[in-house]
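Notes follow the structure.
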Amino acid sequence: MSKASFADVIYINTTPEKVRTALIDPELTGAEVQA
Amino acid sequence: VTDTAKFKPKTVYVTYIAATPTKVWQALTDPAFTAQYFFGRTIEIEPEVGGSFVMRMPDGRVDVKGEVVEWSPPRRLVTTWTIDWNADMRQLPPCRVSYDIEPAGDSVRLTLTESYSWDVPEALLSGGRAGWPAILSSLKSVLETGKALAIKMEPPKDMMAALQEVVAAKPWLKN
């Protein structure tokens with residue numbers, strides 16, 4: 001497996017469900033996202 | 001003051017924070033703030049170039065020691081770091097840790113840069129690369145919400161294993 005040359009990580013004080021919603025909800029992303 | 005001009009960046013982490021540069025500077029230099037987001041560590045720093053810099057663990061033991069290389073509030077803070085809690089770590093040459101605080105719209109772009117004077121192995125960088133995202137995410141959370149993140153972390157096993165080999169070989173003497 002090739003190794004990533006760049007990776008960014010952030011910790012968020014919330015739940016996995018809320019992060020999932022934030023990633024796919026157009027009202028939260030501000031853009032259309034196809035799930 | 002330690003000459004760090006030839007140190008090379010090995011780890012860079014950027015985060016954006018909804019706060020003022022002054023507030024971010026305070027969070028980086030005030031022990032009441034660092035105790036909240038830096039795994040309970042308190043900072044002691046003399047506010048001048050050449051001043052001493054210490055991070056203490058919650059039980060008072062010294063975690064990190066160094067000196068202030070640049071003190072430019074509220075834009076840039078540079079210190080040297082020597083990890084003090086482990087005898088092998090104390091033998092490593094100091095690294096340089098820089099915080100750059102830049103306005104970004106009505107927020108702040110905070111850049112953390114960890115730099116070295118020698119060709120440090122990837123395994124030894126793993127502790128910082130695991131720790132900084134947690135520390136700086138918690139700093140962001142404290143400034144934006146008043147609440148730190150509860151994250152527990154141990155030094156990476158690979159790093160501790162590599163440390164003994166590196167200290168025995170002392171590759172920085174060959175640079």
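Labels below follow one simple rule: chain letters A, B, ... track the order of the sequence lines, proteins then strands, and each chain is numbered from 1.
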Does [X] have more than 12 heavy atoms from other residues, nucleotides or ligands lying within 6.0 Å of its [atom1]?
X	atom1	answer
A:Asp8	CG	yes
B:Lys147	NZ	no
B:Glu154	CD	no

Practice task
Find out if a path of hydrophobic residues (ILVMFWY) with successive side-chain heavy-atom gaps under 4.5 Å connects B:Val97 to B:Val64.
Solution key: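 In one cluster: yes.
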Handout entry: Heavy-atom pair with the smallest gap, counting every atom of B:Ala148 and A:Asn13
Key =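 Nearest pair, atom of B:Ala148 first, then A:Asn13: O-ND2, 4.4 Å.
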Practice task
Sort B:Leu136 into side chain, backbone, both or neither according to what part of it lies under 4.5 angstrom from a heavy atom of chain A.
Solution key: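 For B:Leu136, there is no contact with chain A at all, as no heavy atom is under 4.5 Å.
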Practice task
For the pair A:Tyr11 (side chain) and B:Ala150 (backbone), establish whether a donor and an acceptor sit closer than 3.5 Å, ignoring hydrogens and angles.
Solution key: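 Absent.
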